[in-house]
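Below is one structure, written out as structure tokens; the observations come after it.
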Amino acid sequence: MEIKNFALIIGAMKCGTTSLFDYLSQHPEIAPCKLKEPQFFSRSNNFQRGFSYYRSLWNWNQDHQFALEATPGYTKVTHRDSANAAENIKQTQIKYNLKFKFIYIMRDPWERIESQCIHNALKSSNREEKVSEVDPKIVDASKYALQIKEFYDRFPSEDILLLNFDELKTDPEGVLYKICCFLDIDSSFEFSEIKVIHNSRNRQIIRIPGWQKLRVTAPMLYINSVVSNNQKNIFKTIFGKSKNVKCNIPEDVKQKIISELNHDLRKLKENYGFNIDCWSSK
């Protein structure tokens with residue numbers, strides 16, 4: 001049976017995409033990708049493997065309505081090392097007569113930047129990341145209107161769902177109901193374990209030499225996709241250690257970035273009708 005309908009969580013990074021993927025994977029009408037983040041449309045070497053490879057990443061059955069994956073890299077259009085995912089998706093849709101729906105979840109853009117800086121610090125041996133300037137790529141990932149424009153230029157607005165990370169934290173049931181209605185699947189399904197939001201500041205760091213490189217290999221990504229959360233927690237208990245980090249960004253650098261983000265935020269509100277009033281960086 002061929003897969004014709006795809007639901008893509010396209011970002012943004014550090015905005016709960018992993019949690020959202022894990023929640024939605026419970027739904028009987030959704031087939032989760034074996035690799036949560038296949039990066040098929042954003043990396044040229046993956047895209048060149050062809051659609052048959054992409055379609056092989058799901059265990060599809062007759063009960064499924066949508067094939068789900070989550071790749072925040074699809075909304076990193078200003079990164080030189082990323083292909084234009086929106087264009088690749090559009091060309092694939094036309095060629096194979098497919099249906100794509102997109103879910104884009106956002107948070108206060110400054111909080112997202114801080115979270116990504118903390119994420120980078122977690123990879124190092126430091127407990128505090130002192131930053132004199134922020135990589136422009138990290139700032140660009142918080143320019144939500146800039147990133148999402150690529151999809152609105154190519155796909156109908158009714159196929160794009162914009163979500164607020166704050167709502168996922170405070171009302172996950174409501175957000176999941178909204179997504180089910182968006183995908184036109186059973187909205188009465190009762191999700192479980194929906195109180196845990198991943199990517200906190202206090203993380204379990206795995207104490208295995210070379211783990212950061214090992215964890216992104218295809219075999220490890222596959223194992224991660226099929227084991228339960230309970231099994232993952234046992235693994236972290238045995239091989240992990242807790243690490244709490246913070247990111248120290250000077251106030252003048254912060255204000256400069258927030259000022260740079262303001263124009264994009266206005267576009268997000270005016271062009272796409274997204275409510276930014278709850279964000280402190282507006």
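Keep in mind that the numbers below use all heavy atoms, side chains included, and drop hydrogens, waters and symmetry copies.
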If we ignore angles and hydrogens, is there a donor and acceptor under 3.5 Å between the side chains of Glu150 and Asn84? yes
Non-hydrogen side-chain atoms of Leu176 and Leu24 separated by less than 4.5 Å: yes
Rounded to the nearest 0.5 Å, what's the gap from CZ on Phe21 to CD on Glu69? Could you check? 8.5 Å
Closest approach of Gly73 and Ser42, non-hydrogen atoms and distance? O-CB, 3.8 Å
Is the distance between the ring centroids of Tyr54 and Phe6 less than 6.0 Å? yes
Between CD of Gln147 and CE of Met106, what distance do you get to the nearest 0.5 Å? 11.5 Å
Once you round to the nearest 0.5 Å, how far does CD1 of Ile10 lie from CD1 of Ile103? 9.0 Å
Only one of Leu161, Thr17, Ile148 forms a side chain to side chain contact (heavy atoms under 4.5 Å, CB included) with Tyr104, so which one is it? Ile148
Approximate separation, where rounding is to 0.5 Å, of Asp108 CG and Asn164 CG: 9.5 Å
Just how far is it from atom SG of Cys15 to atom CE of Met13, taken to the nearest 0.5 Å? 9.5 Å
Co-membership, hydrophobic cluster, residues Phe41 and Ile160, 4.5 Å side-chain: yes
When you check the side-chain N and O atoms of Glu190 and Ser192, is any donor under 3.5 Å from an acceptor? no
If hydrophobic clusters are built by linking Ile, Leu, Val, Met, Phe, Trp and Tyr wherever their side-chain heavy atoms come under 4.5 Å apart, do Leu265 and Tyr152 end up in the same one? yes
Answer yes if the side chains of Glu173 and Tyr23 hold a donor-acceptor pair under 3.5 Å, and no otherwise. no
If we ignore angles and hydrogens, is there a donor and acceptor under 3.5 Å between the side chains of Gln48 and Tyr53? no
With a 6.0 Å cut-off on ring centres, are Phe189 and Phe191 close enough? yes
Can you see whether Phe182 has Lys101 sitting over its ring - NZ or CZ less than 6.0 Å from the centre and within 45° of the normal? yes
So which atom in Tyr74 and which in Pro38 form the shortest heavy-atom distance, rounded to 0.1 Å? OH-CG, 4.3 Å
If every non-hydrogen atom of Ser25 is compared with every non-hydrogen atom of Pro32, which pair is closest and at what distance? OG-CB, 3.2 Å
What is the minimum heavy-atom distance between Glu260 and Lys143, and which atoms define it? OE2-NZ, 2.8 Å
Measure the OG1-CG distance between Thr92 and Asn97 for me, rounded to the nearest 0.5 Å. 12.5 Å
Is it the case that more than 12 heavy atoms not belonging to Tyr272 sit under 6.0 Å from its OH atom? yes
Closest heavy-atom contact between Trp60 and Gln65? CH2-C, 3.6 Å
Lys256, NZ: over 12 other non-hydrogen atoms inside 6.0 angstrom: no
For the aromatic rings, using the six-membered ring if either is Trp, is the centroid distance between Trp279 and Phe165 under 6.0 Å? no
Can you give me the closest heavy-atom contact between Ile138 and Arg112, atom names plus distance? O-NH2, 2.7 Å
Single-linkage hydrophobic cluster, 4.5 Å side-chain cutoff, Ile185 and Leu163 together: yes
